[in-house]
Each structure stands twice: as C-alpha cells, then as structure tokens.
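First up is the structure itself, then whatever we jot down about it.
Each chain gets a letter, A, B and so on, in the order the sequences are listed, and its residues count up from 1.
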There are 2 protein chains.
Amino acid sequence: MGNGTNLLGVRDYNEQVVLELIRVNGGISRVEIAKRVGLTAQTVSNIVRRTLEKGLVVESEKVSPVSVGKPRVGLQINPQAGYALGVQIDCDEITLVVLDLAGGVVYTTERETPEEHGPDAVVSEVAELVEDSLIGSELERGKVLGLGVCCPGPLDHDTGVVYNPPNLRGWTEVPLKDSLEQKVGLPVLVDNDATASAVGERWSGGAQGARDFAFIYVGVGIGAGLFLDNRLLRGSSSNAGEFGHTTLNIEGPECFCGRRGCVEMYCAPAAVARRVQQRLDAGVQSIMTQWERGELLFEDVSAAAVEGDALARDELVRSSRMLGQGVVDLVNTLDLELVVLGGKGLGEAAGIYVQEIEEILRQTTLARNLQHTRVELSHGGTYSGSVGGAASVLHTTYHPQLRGVETV
Amino acid sequence: MGNGTNLLGVRDYNEQVVLELIRVNGGISRVEIAKRVGLTAQTVSNIVRRTLEKGLVVESEKVSPVSVGKPRVGLQINPQAGYALGVQIDCDEITLVVLDLAGGVVYTTERETPEEHGPDAVVSEVAELVEDSLIGSELERGKVLGLGVCCPGPLDHDTGVVYNPPNLRGWTEVPLKDSLEQKVGLPVLVDNDATASAVGERWSGGAQGARDFAFIYVGVGIGAGLFLDNRLLRGSSSNAGEFGHTTLNIEGPECFCGRRGCVEMYCAPAAVARRVQQRLDAGVQSIMTQWERGELLFEDVSAAAVEGDALARDELVRSSRMLGQGVVDLVNTLDLELVVLGGKGLGEAAGIYVQEIEEILRQTTLARNLQHTRVELSHGGTYSGSVGGAASVLHTTYHPQLRGVETV
C-alpha cells in the first residue's frame, strides 16, 4: 500500500524509527530517543518537531529525572491522528474492528458470513460492514489509513490475491485486494490469519517487547505467524507459517496436503472432535454421551473438559502434547522467546494448551538452559485476526521499512 | 565486535547500505545507488566520496548507458582495503581461510585438531595457525578486521562462550572469544557451523541474491543456518537453526536430545553408516563386504554409492528422502526460495541429496504452485565453515545494522 504512509505524511526511515520508538515506549524523551537510535540530538529534535506539526505525536507533562538535570518532556503517539480498520473473514462470520493510531480498540462488530461463502457475496458484505462501522463509530473517512483483511491462505500479500482456501467455498484466485479497494474506496492489505494475528499481538497484545515470537493460530487449520528479530516474516511468496503441516509422524495418517502425520492430523479442532467421537462410539464413559447436540464439535469437547469430563480432558491433553512437539521443533529451529496461542478454534479449555505446551518446552528445547520460552494466550481473543488486520495497516504505515536493505 | 567497523571507519547506517549495494552489485553507478536506496543524489555522492577517500571503494572504467545520456562511473569494493580470517574447529581438523574485503578467498590452510581436543590446546593451536597464516599470506596485521571462529553449538554469539558441544571433549562453558582475543590480539566472533556457513554462502557462494534461504549443514550433526528477509537469523539466545532435532517420527528411536525420531536419527552420517553395517551384517550383497577398512564409515558408503553399489545408493536415497521431509517442514514454515546443502559430512555422493530433496520439494511444499524452491550444493566445499567465519567478520563490519529497530 504506502497510501497510509502518504496520508500521515511520514517522510523517511528515520522518522519511522522515531515514531516506532515513541509508540513502543510511550512517554520517551527526545534525549532518550537520540541515545537509543544513534541519531544526533539536533536530528531527533527536527524529526520530533515535524511529527508534532503533523499532529502524529503529542507532548505529555514534563517528567523530572531521577537524579539531577532539567525535567524532560515525554512524547506520545496521538491516538486520534489516524485509524485503521481490520476485518477477518472465515466460513462462519466476518468480524471488524477499528484501531486508533496508538493501537487501541475503539469499535468492534461482526455478522454472519453469507451462507454460500462465494467471493462476490463476501466482498459486498465486507463493504457494507465497513460503511456501517464508519457511521457507527462516527469516524471521518479521511482519517482512516486503510483496511487490513485477514483470511485463510494460501494468498499473495503483494497482489492481494487469495488462491484456494480449503474452507471458503468457491474461492479460486480471488483478487480480494482489488475488489475491496474498488468497493470500499480505501487502501487494502491482505494477510493470512496467523500472520495478521502476530502483528496484532505485537501492536496491542502481550508480545510488544518480544524480539522473536510465534503466534500459533488455531482456526479450522493451524498456522504460525512469525516475528523474528523484530520483523514480521512473510516469506518469499508471502506464505510463511504453514506450521499445521509440520510432520509429527512420517508413518502417521495421510493428510490432505499429500504428506503424512502433519500437526493438523492430531491437533486441528475437527481432528480432536473426531477422535473423541470414536472413543464415545467405542463405549468410553463421558458426560458427552448424554448430550443431544447432533454431530460432536470441538466446542463440546472443550465444554466437557471445563466441566471435568475425563475423556474430554484426556483428549485435549493428548492434542496439546502433540501440538507441543511441533512447537518444540519451531522453537529449536527459530530460537523463540515467546509462543502466543490464539485463534477462534482454541476454545474455552485453552488453558490446558498453555500449561501442557509450556511444560514440554521447559523439558525438551535444546536451548532450555540458556532461555526459558514463555507460552501465553493471545490478548485478542476471538478478535485476534481482525485486530491483526488493522494492526497490519498501522505496521505498514509506520514500522521502519528499510528500502536499502530490501532491494539488495 | 564493532572493532572492524571502526578500523574501516564506516560511519553510519547509510554508508553501510551504500557499501553493501556496491558489494552485491559490483560496477553500480551513483545514480543507480540513489534510485535503489531512496537517498538523494547529493547524499549518495557525499557518501561515495567518503568511501573513496577511505580507500574502501574504487572507481572502475566508465560505462556507457544503453540508450542516451552521459557515461556513468562504476563503483567497486577495493578488495585490498581489508581482510578477514575465518577458522573452523571440529574434532578432526582446524581449517583457516583469509578473505579479502570483496569476499575473495586469498589463502587457505589446515591442520589436525590436537588429539585430546581440550579447549586450551585448541586455542593455542588456533593462535599458532593464525600467526603462521599472517606470515604465509604476507598480510599486514593492521589490515585484518577480525577473526571469525565457527564451531559446533550450543554457544552464545554475544559473549562468545561455547557451552558443551557433544563432539569436542572437555568443552564446558569455554570463553572462546575472550581466550582467542587475548592470544591472537584480534577481535573475535563466534558462530555455530551452520550459521557461519550461511553467511559465507551469501558473501561468496551461490546465495548472493537470495532473500530467504537455509544452509543445511551436515557435519557430525545437522544444523540449519537461516537467512530470512535478507537478514541472518541468530535467534533470541543465538541458537537458532537446531534443525537436526526436528521430529520426523514421534514414535521413532530415542535421540540423545531426549525426544524421538529426530532428523539426525535418520540422516546424520554415523546413523546412515550404522544402518548400512546392519544390513551388511544381515548378509545383503555389496562391494563394501570386500573392503577391509575396519569400522564402516559414512565416507565408505558414499564411495560405494559413487561406484554404483546398490545397497549404498539405496541407503543414501533413503536418508536423503528423510532429510527432504525435514526440509519440506522448514520450507513450509519459512517459505524459502533456496536450500543450500553443505558441510564436511555430506561426502562425495552429495548429488544424490540434491536430486532427492529437490524432487520432494517440487512435489510436496504447500506453496509449490507459487514458488519453486531450488536446492544447491555449497560453493564453499569443505571450507564452507571457515569461509563463513571470515564472512561473518565482513558481514558485521559492513552489512547494514539497524540500531533503531534493534533497540525497540
């Protein structure tokens, strides 16, 4: 996009670095910025003056230093300087959030995905939802930097084309970015749900200080959003993070991806529900046998586990441990300090996953004596994807982008 | 370190970006640099003047443009402006190379690792090797930017402490960087063999244009050096790349790491040799039965495969395919455009690995319709580690480092 950048008038790399520092360290002073980024006091002063003039940054009250010296003026992002919309599309519902420039959630809404899921109907529905939200949140259109859409992959982030997500019927090479830009009249970014969620977690969740972390997104499938060395990893074809197809057992059951024993075969919500159903059919005792809910869903298993059902708990622990083995592979390969779990499919028994995976990491990562890898639940809850979509717009707008390096 | 940077007098981020561009695109003009990095012509001109004055860059003959316009002066790194030493330590031998500032190999030598491998003896041996090499290559000490040492992990790149590599006897928390800096009198960098090899391949091998690639290093164990989005990934505790302990079969044989069915259990050279020995003992026909070489080594299996032995070929194909499954996991997770195979343990039948792994990637990666991931052999051969050590010094000296972002 870049439209966002133009709208805010962010001039160059140094200005982006300064804005990012102010965002992450609200209240930071000019002197400290100069120290942190290695620019001269004069340069920082000029940059800050420009951002103040443009209304991107505001001065807070003076802060007296701990020891000697004159009080310093703290700087903060002006939340009202701009807004970003985020939308998540999945087979059940479309959710929308509005974030302000500081990453605060100012509005949320959702509606059902049109029954047939076809791309035209979904695009129209998103456009309508955006219009309603602008009215509902009393936002000036001119202050909206863009719309970040997250949906299942594979997709091409650069062109905004969504290929053929297994869970959206009739989607084949859908030019989602172009269609939405036309209908909505805002710059549009497209990311998969795990990648978007990782950006969201770094902007307004629990990963704000994390240099290296993965967001494990459990939806219908399982993906990983990766933030490595302070940067989002999209990958060469913008499809990084296909963690759900990491092999756990080369001799295991066949997966639709053509390989065997992938993480999703053991840990996707539907796989867990299927296994519980098999054990119920085999006569294992459980409170679930008395439930008359039609086809057993993962939500039912979660609910039963929360009520203390042994079978449900047993299967969730088993699935957590399998997921944990995949996460250990990821942590060993990428040397992560934090793993965030989230996504709509994680359900109400998510605590079991956190506990089991943390335990496996503590016992088996190769660098466990050098680093303890934390495991946390996403702060975004069921909104993690749409918060992430909006955060991606903010991220593109003012996270430092290094043209020099990227063209090398 | 940073000493290297000071020695060359590289002033700031913009100067690093310009130097890196000139290095990767030898013969590039000022106008093109300005276009690529988004700096003004005047700024680029000032930066280039400084690098010319410092002797880091030289002008080449004028190049006439294809269409109209005046001829442009091409710029090139001055290879003689500085040198870097690289050393690889393993349980058999210590190898050393000298690279010039343009990444060219100007000297190589090696000697046996002292029999008991103890850290003191190894440090003394490296110091002696460095002195001999400075004399042998007629290098002024003042022109040497530093020494990059690569050895098996786990280790801490920042402090230069090597923990307890399973293949170096008596190494426990060895302050390798400090000891060598004292003995050798040069700034020292420490990296593991896979990470160093990846840097080497990007500097003077086949990965110079690759944005996202992995160097799969086959030594005694198997590791991955990762270059993602044009940047080396060291990881939070500088131990990224423990690819050899990625799970292939959660129900497979126990690994020394405490987990089961790791890549190394199927693909490490000793594991392959062991399996071949078992099949020989079981009476399978092979030219290897006539060889009287004592304990069967992986080298023997490679040699037999090259001579057309069916058993040897069969087992190498099997091990390549298992390695390939692990590589697919890596490519799916990181969305890589290139995989480089190398390391001292790969042996003379390395072509089998390239062919089998390329085939598996072509058939099974999730983004295979969007991107073909190439597989290549390292250009560094048995020197990939020591070339990588020296390249790490050059990399640290003038690859763009982003202070602003890294402190966020």
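B:L338 does not touch chain A: none of its heavy atoms, backbone or side chain, sits under 4.5 Å away. Looking at B:R234, only its backbone comes within 4.5 Å of chain A, counting heavy atoms on both sides. The part of B:L330 that comes within reach of chain A is its side chain, from C-beta onward, which places non-hydrogen atoms under 4.5 angstrom from that chain. Looking at B:A367, only its side chain comes within 4.5 Å of chain A, counting heavy atoms on both sides. For a residue to count as touching a neighbouring chain, one of its non-hydrogen atoms must lie under 4.5 Å from one of that chain's; by this rule B:I250 touches chain A with backbone and side chain alike. If you measure heavy-atom distances from B:T365 to chain A, you find no contacts under 4.5 Å at all.
Of the options A:T333, A:D212, A:D335, A:L233, a side-chain contact (heavy atoms from CB on, under 4.5 Å) to B:L233 is made by A:D212 and by none of the others.
Side-chain contact between A:L228 and B:L228: present, with at least one pair of heavy atoms (C-beta onward) separated by less than 4.5 Å. At least one side-chain heavy atom of A:L370 sits under 4.5 Å from a side-chain heavy atom of B:Y163. Using a 4.5 Å cut-off on side-chain heavy atoms (C-beta onward), A:L366 and B:P154 make no contact. Residues B:R259 and A:D329 form a side-chain contact, since some pair of their non-hydrogen atoms from C-beta on lies under 4.5 Å apart.
Closest of all the heavy-atom pairs between B:N332 and A:H245 is ND2-O, 4.2 Å.
For the set A:V328, A:N369, A:V331, the entry with the most heavy-atom pairs within less than 4.5 Å of chain B is A:V328. Residue with the most contacts toward chain A among B:E337, B:M322, B:Q363, B:Q325: B:Q325 (heavy-atom pairs, distance under 4.5 Å). By number of non-hydrogen pairs under 4.5 angstrom with chain A, the leading residue of B:G235, B:S238, B:G326 is B:G235. For chain B, the option among A:A210, A:A240, A:S237, A:S236 with the highest count of heavy-atom pairs below 4.5 Å is A:S236.
Side-chain N or O atoms of A:R231 include none that pairs as donor or acceptor with a backbone N or O of B:R231 at under 3.5 Å.
The line from CG of B:L334 to CG of A:N239 is 12.5 Å long, rounded to the nearest 0.5 Å. For the atom pair A:R260 CZ and B:L248 CG, the distance stands at 14.5 Å (nearest 0.5 Å).
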